[in-house]
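Single-structure report; data block below.
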Amino acid sequence: MDDFSPERSFEEGVRRAARDALGVDPAAIPLTWPPSASHGDLATPLCFELARAARKPPRALAEALVARYEPAGGVARVEVAGGGYVNAFFDRDACLSRWLLGPPVPASPAGGPKTIVEHTNINPNKAAHIGHLRNAVLGDTLVRCLKRLGERVEVQNYIDDTGVQVADLVVGFRVLRNEEIADVLDRYSEERLHERGDRFDYVAWNLYAEVTRFFEEDSSRLSHRSDTLHAMERGDNPVADLAAHLARRMVRHHLATMERIGVRYDVLPRESDILAMRFWEDAFRQLREAGAVRRIEEGRNAGCWVMDLPGVEEGSGEDQKIIVRSNGTVTYVGKDIAYQLWKFGLLARDFRYEPFDWSPGPAIYEVWSTTRGPDASSRPAFGRGDRVYNVIDARQSYLQRVVAHGLRSLGHEREAGRSVHFSYEMVALTPAAVAALFPDHPLSDAERARPYLEMSGRRGLGVRADDLVDALIRRAADEVRKRNPGLDGARVQETARRIAVGALRYYMLRFSRNRVVAFDLDDALAFEGETGPYLQYSVVRARNILAKMEERLGESGTGGGLPPSAGFGTLEPGTADEHWNLALLLSRVPGVLRQAVDSLELSGVAKHAYVLAQAFNSFYHRYPVVQEPDERRRATRAALAHLYHDGMVRLLGTMGIEVPDRM
RNA sequence: GCGCCUGUAGCUCAGGGGAUAGAGCAGCGGCCUUCUAAGCCGCGGGUCGGGGGUUCGACUCCCUCCAGGCGCGCCA
């Protein structure tokens with residue numbers, strides 16, 4: 001596949017014409033999409049920009065430019081429009097023929113620079129909720145888009161297995177439930193829980209909320225927490241082993257939940273291993289030697305090591321961050337700096353790795369975990385990224401800034417610049433949703449007046465991820481059975497699963513990232529309108545057309561490209577634009593993906609897919625394909641259906657949405 | 001107090017300095033003997049939070065004010 005691109009051809013043509021006709025060499029050719037096909041396929045407002053310096057009206061410049069433009073490479077002609085736009089019209093038949101040959105395969109250099117995406121990062125002490133789903137869907141979609149653009153990507157899911165939250169769960173089992181450690185392992189084994197119709201992460205969900213209340217009722221009980229934390233820190237004792245066990249079991253659940261929606265990871269770095277491998281020692285030494293941290297001798301923070309943040313107003317509270325506490329222990333952000341250094345290969349140490357232990361259940365897929373045991377003899381290389389995306393919600397912006405500053409103050413300017421915080425807003429619940437889902441939860445008047453309420457694991461306020469997925473699957477399965485009587489159970493389930501995942505992932509992607517998602521159950525469960533199933537359905541329709549073309553007419557409808565007799569000229573007068581629009585929108589997909597990744601605004605991908613599906617559904621409704629008597633028209637339309645089908649399957653693939661065989 | 005984010009149709013949201021500000025939902029009215037109606041077509045609905053500025057041109061950039069959210073821990 002060569003690099004056929006009318007867009008680039010237009011860009012170069014305009015550049016050449018600008019030089020020849022106007023004597024200017026613009027740094028960049030601004031491109032814009034005309035509002036409708038009748039205006040053209042691509043446009044540049046370049047002449048508006050040049051008008052001032054040239055002291056001539058934009059339209060005159062545009063006319064001069066157009067006169068010298070030499071059409072080539074898929075651009076059929078250009079014309080002046082409006083007050084000075086230069087609009088390009090593509091050679092439609094030539095474009096369609098080339099596009100039918102399939103997309104260029106991006107070269108994926110096996111040893112080239114690697115991009116690391118860290119996402120999900122759920123505390124391993126309770127079930128995943130819909131806020132985690134937004135994180136995972138955004139992260140996974142970013143990964144898929146990067147791969148589609150030809151990048152080598154490593155997916156990391158950081159496991160904070162040493163924190164207070166895990167300790168609290170240990171306290172819950174040992175103190176609140178008054179269980180012996182051996183009994184916890186037995187009575188709360190996956191098997192025993194299953195017999196009772198329960199599951200481990202759901203037990204933990206409730207227990208965690210209970211423990212929070214337990215502490216609130218009597219703060220002296222917090223000694224249980226600190227005792228547990230100390231035991232976990234010491235290691236090699238039954239309490240520490242229990243904590244490790246609980247965390248691992250929870251991670252297993254999180255991985256299983258995410259697997260349901262098509263999200264996987266390459267490696268699970270554990271915080272306990274960051275400590276065990278003494279990453280912090282090396283990072284701290286580097287920070288001290290570079291003078292990036294300093295010890296405070298007096299005042300409130302006496303005895304602490306802090307990092308000063310330049311450009312932040314003094315006294316704002318954000319100008320100085322404690323990295324090492326007065327008792328000598330490192331804070332979360334300190335560990336994060338060490339971890340970030342490791343991701344770029346800037347640490348003198350590495351983890352050791354082993355395949356993740358999926359027991360007591362079967363392995364779902366191969367994923368690596370860091371370990372304190374021996375390093376696997378044969379394994380992929382992890383870390384040493386060229387660029388790092390941290391998918392973390394906007395509430396952590398400050399800490400992410402501290403981490404980037406840490407890199408910068410060590411002289412790693414390049415890495416700090418390539419240390420990207422993929423920030424997004426949280427998923428929250430409306431007061432109405434809280435009242436409906438948690439009837440026992442009292443809401444104050446102030447809370448009721450708020451636009452939304454944060455979910456809270458500590459209060460057990462939240463919609464669990466698997467509950468939502470289950471509800472989506474049930475609803476989808478009902479609909480599938482209704483529409484496809486006689487379809488066997490396994491196929492109903494698989495179809496329903498794909499629809500559910502499509503609905504969920506689209507819902508999580510359709511909002512721009514800086515918008516708080518006030519979760520609405522009815523919207524999330526919708527299958528009509530701007531939803532994932534709408535997109536999937538349009539592809540199923542295209543597939544049906546192609547299948548019937550083979551079945552009834554024995555016409556492949558395309559695989560071999562556009563038949564010579566076919567083309568847009570064969571269509572009824574006045575309908576060509578609408579047909580062409582489908583191909584044109586598909587041709588813009590690579591640009592849309594690039595733009596989405598560069599801006600981290602993945603909602604653009606979702607939106608474009610939706611606009612495409614709308615265009616196809618309109619086409620489908622108005623223009624018969626299989627029923628079309630004119631052979632040339634039939635072939636042209638089948639070619640478009642084929643192009644749409646393949647292009648849309650790939651585009652949905654970048655969002656992790658699979659298309660069912662039927663719906 | 002300081003910083004970041006948000007404010008567009010009844011509701012939920014798109015909108016790359018550029019052409020007539022668009023979708024979905026909800027409402028109303030049509031379209032299933034055709035390739036699946038999870039669909040299509042139509043109607044109604046807008047001081048783009050207010051005010052200033054930059055620009056040939058501002059929903060978009062800058063300033064300011066208002067309203068709401070988040071952050072600013074020796075928690076993670």
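No experiment lies behind these values; they were computed from the predicted model shown. Sequence lines set the chain letters: A, B, ... in the order given, protein chains first and strands last, and positions in each chain run from 1.
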For atom [atom1] of [X] and atom [atom2] of [N], their distance in whole Å:
| X | N | atom1 | atom2 | result |
| --- | --- | --- | --- | --- |
| Asn617(A) | C41(B) | CG | P | 9 Å |
| Tyr424(A) | G71(B) | OH | C1' | 15 Å |
| Tyr398(A) | G69(B) | OH | P | 23 Å |

Report task. Determine, for Tyr620(A) and Arg541(A), whether the Lys NZ or Arg CZ falls below 6.0 Å from the six-membered ring centre while staying within 45 degrees of the axis. Result -> yes
Query raised in the report: Does one side chain, of Tyr339(A) or Glu271(A), offer a donor that lies under 3.5 Å from an acceptor on the other?
Result: no
Query raised in the report: Nearest heavy-atom pair of Glu118(A) and Tyr158(A): which atoms, and what distance?
Result: OE2-CB, 3.5 Å
Below 4.0 angstrom from OP1 or OP2 of [N], is there any side-chain N or O of [X]?
| X | N | result |
| --- | --- | --- |
| Arg510(A) | A14(B) | no |
| Arg515(A) | A14(B) | yes |
| Tyr534(A) | C40(B) | yes |
| Arg450(A) | C70(B) | yes |
| Gln614(A) | G24(B) | yes |

Query raised in the report: When you check the glycosidic angle of C59(B), does it come out syn, meaning within 90° of 0, or anti?
Result: anti
Query raised in the report: Do Ser618(A) and C40(B) have a side chain to base donor-acceptor pair shorter than 3.5 Å?
Result: no
Requested in this report: Check every strand shown and say whether Tyr623(A) touches a base, only sugar-phosphate, or nothing at a heavy-atom separation below 4.0 Å.
Outcome: base
Report task. Using both distances under 3.5 Å as the test, list the Watson-Crick or G-U wobble partner of C59(B), or none. Result -> none
